[in-house]
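Side chains included, hydrogens not; waters and symmetry mates left out as well; all remaining heavy atoms used. Not measured: the values here are computed from a predicted model.
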Amino acid sequence: MVDIPPTPWRRIILLTKKIAPWVAPAATAAFSILVAAPALRATVAHGQDLPFHLFRSFGTVNAWADGQLVAQVDPQAFGGFGLGTDLFYSPLSAWITSAAYLVIHNWAVAANILLVVSIVGAGLAMYALVHHVSSSALAGFLAAACYVAHPYFLTDIWLRQAQVEVLAFVFFPLVLLGLWRLLNETGNRFQEWWLPASLLGVSAAGLVLSHQLSATLAAAVCVLLVAFNPRALGSPRFWLGISAAVVLAVSLSAVFVLPLGEVARTGLYNVFDPNSLFSTKYPNQAPERTISLTQLLFGFPLSVDGHVRAEVGLVALIGVVTALLLSRRLGRTRRLVVQFTVIGLVATIMASSLTPWQVLPHAIWTIQFPFRLMLIVAVTWSAVAGIGFATAAHAIARGSRRRLAVATSVIVAVTFLACSPAWMHAIVKPSLDPASLTNGFPTGAQAAASGEYLPRQLNDPNRVYEKVIARGNRPRVASGKATVSGFVRTGSHQAITVETASGAELEFAALYYPGFTAELDGPTGSQPLSVHPSSTYGMAAVTLPAGTSGTVQLRYSLSPATWAGLALGVLGLVLLAAGMILWRLQSRPTKVRPPKGSADRPGSSPDDH
């Protein structure tokens, strides 16, 4: 039989079939890039939180230059007293921005790279969630469009420049996708539960490393989803998957979580004290941070005009109503639509003034702002809106591809028009010159945020910087009598010559963190010294025994908790790699070999039949 080469038209058809699965993801990425267009330039739009996040990124680069394998303490920050912001604050966004800066040497472009990556990643993540659940590429695309154009997301990007929460938008839908698959798909074999379990674990770790408060909200949503699907609790598949996901999530995020727990156990820092003057500002501001339910549901989205805009968004609201009205057409996606709609409605009510946050001080201290719950609304209702709009588009088209294309184009155009005021505002708003920021004593948003990560000895927001400046930036004898000389400082390393006959406490000009170590180089050799926080300033201090003579050296290195976190992270990566290899091997189709010698038997050749 002679093979006939395909005609050019046939080749086009074959090529179209090959690229068809990639059209919707490509359209999702293109729409996301359009939303991110104001970041496609060499200047960065100013935002309320941008100075603080750039300040963190400066610190990450300085910490790496100081030799810290895991960037934790910036020795140049806080007027040279050092600041360990990344010990308390999820560090992934600072890692990405700092890595980009080391390549391109431009802080504005590095910050924009993080925004573009986050926006496009968020769109693709939402597409993956809805496409898998609904088996509709159109629903996935429309849900992604609603998601990246959601009022709260745009507020985070262009008004707040809340880089950590913007990055969290990438991982939230993936966490829900992994959990939804474990709850609603069947099969107890490894190759059937490993992929959703690994997706859930890795995404949860990414969410913790991006923004721990968003991870807390995602955990609450996951608990509600499990409560809505109780039959899964009797499935071995669910418990195998959840166990694997927990192991991966804990191990891959341990490099941040374990040091965070270490500093929390010291009981030294304002951020862990709900009664500190830096922490009480959140409960005190709770009534001001709530928004009426009418404004949340029907407030005009979306001009980012200098005020926080946390509305649900008219587009998302219309999409949700459409999905509910067309519920009979939804098929197997009806359960997700109902559950996500209920979760989004609960979050909306809790973010509104209907919830008496002023009597829930501990809760508001944890999440800081009630309107942060709109993150849940953005994720759940964008997914529902995409399904609703796609169902409506198919109903309008009635099988006509042309009408389906027109209906889809109208929905996408309206979605973009709804966010166009914020888009235009981001283009024309003043830019921030990162060179105008320094690592000295921070002001404004930087000061408000960084003060939370200071020792409780520095608990007065109005006088904390005056107090530290008055102390001076050299080591001092805090108690006892000693003679000091020959002070040398390089990064986090400080060295000073000390002589004391009766013993003394030597306080260095460095805020205390658990990673600090000290040693005394004396006439008899080197001996380690225990480092503790001083009682007056919370600085790193050592106790010198009577008769001490020599050079005391202070260094910041990785604490035991950080080393343990690194070890767990490596173990998690090994387990993930081994699981993916095993999953790949077991997912291969089994080849059936013909019996030995069958090729020589009559009738074994196709030509014989």
Side-chain angles (χ1 to χ4, degrees), residues 20-21 23-25 27-28 122-150 172-187 192 195-196 199-200 203 218 221-222 224-232 235 237-238 241 312-313 315-348 376-399 404 407-408 411-412 415:
V23 172
T28 298
L124 293 175
M126 179 57 71
Y127 171 85
L129 168 62
V130 176
H131 176 250
H132 182 87
V133 172
S134 66
S135 300
S136 169
L138 178 60
F141 167 63
L142 294 176
C146 292
Y147 189 47
V148 298
H150 192 275
F172 205 141
L174 299 178
V175 168
L176 299 185
L177 174 58
L179 180 62
W180 186 263
R181 293 186 61 180
L182 286 177
L183 288 170
N184 294 280
E185 296 178 6
T186 58
E192 293 169 327
L195 200 59
L199 175 63
L200 175 58
S203 301
V221 173
C222 290
L224 289 175
L225 285 178
V226 173
F228 285 145
N229 299 273
R231 286 185 298 178
S235 168
R237 163 198 171 87
F238 174 77
V312 166
V315 172
L317 184 61
I318 292 171
V320 170
V321 173
T322 301
L324 295 176
L325 292 175
L326 299 176
S327 60
R328 292 185 178 181
R329 296 174 175 263
L330 297 180
R332 67 191 183 98
T333 62
R334 186 183 294 113
R335 289 176 63 242
L336 179 139
V337 166
V338 172
Q339 293 175 21
F340 275 25
T341 300
V342 171
I343 292 172
L345 182 59
V346 170
T348 301
I376 297 176
V377 180
V379 176
T380 55
W381 280 14
S382 293
V384 173
I387 295 172
F389 284 139
T391 304
H394 281 293
I396 293 171
R398 296 180 181 178
L404 181 63
T408 302
I411 294 170
V412 173
T415 302

Show the nearest heavy-atom pair for residues Ser203 and Leu174, with the distance to one decimal.
OG-CB, 3.1 Å

For Asn229, which residues count as a side chain to side chain donor-acceptor pair (under 3.5 Å) partner, sequence neighbours excluded?
Arg335, Gln339

Closest heavy-atom pair, Pro25 versus Leu124, reported as atoms and distance to 0.1 Å, is O-CD2, 3.6 Å

Heavy atoms of Ala347 and Val377 approach each other most closely as CB-CG2, 3.7 Å

Got Trp381 and Ile376 here, is their nearest side-chain heavy-atom distance under 4.5 Å?
no

Using the test side-chain contact (heavy atoms from CB on, under 4.5 Å), find all partners of Ile396 that sit at least two apart in sequence or belong to another chain.
none

Hits for side-chain contact (heavy atoms from CB on, under 4.5 Å) against Ala395, two or more places apart or cross-chain, chain-then-number order -> Arg329

According to side-chain contact (heavy atoms from CB on, under 4.5 Å), who are the partners of Val226, at least two apart in sequence or on a separate chain?
Leu179, Leu183, Leu233, Phe238

Does some side-chain heavy atom of Cys222 sit less than 4.5 Å from a side-chain heavy atom of Val175?
yes

Euclidean distance, Thr322 OG1 relative to Ile411 CD1, rounded to 0.5 Å
8.0 Å

For Arg334, side chain to side chain donor-acceptor pair (under 3.5 Å) partners two or more places apart:
none

Could you go step by step and tell me if Val384 and Thr380 meet the side-chain contact (heavy atoms from CB on, under 4.5 Å) rule?
CA-CA 6 Å; Val384 173; Thr380 55; 5.7 Å; no

Just so I know, are the side chains of Leu330 and Leu336 near enough to count as touching, which here means a heavy-atom distance under 4.5 Å?
no

List the residues meeting ring-ring contact (aromatic ring centres under 6.0 Å, His included) with Tyr127, not counting sequence neighbours, and say none if there are none.
His131

I need the Leu200 CG to Leu195 CG distance, nearest 0.5 Å.
11.5 Å

Quick one: are Phe389 and Val315 in side-chain contact, heavy atoms under 4.5 Å?
yes

Does anything in residues 385-398 pair up under side chain to side chain donor-acceptor pair (under 3.5 Å), and if so which pairs, sequence neighbours excluded?
none

For residues 133-147, dump all side-chain donor-acceptor pairs below 3.5 Å to protein atoms at least two apart in sequence or in another chain.
unit_1, atom_1, unit_2, atom_2, d
Ser134, OG, Val130, O, 2.6
Ser134, OG, Ser136, N, 3.2
Ser135, OG, Arg332, NH2, 2.3
Ser136, OG, Leu138, N, 3.4
Ser136, OG, Ala139, N, 3.0
Tyr147, OH, Phe169, O, 2.7

I'd like to check the salt bridge (Lys or Arg N to Asp or Glu O under 4.0 Å) partners of Glu185; sequence neighbours left out, ordered by chain and number.
Arg181, Arg237

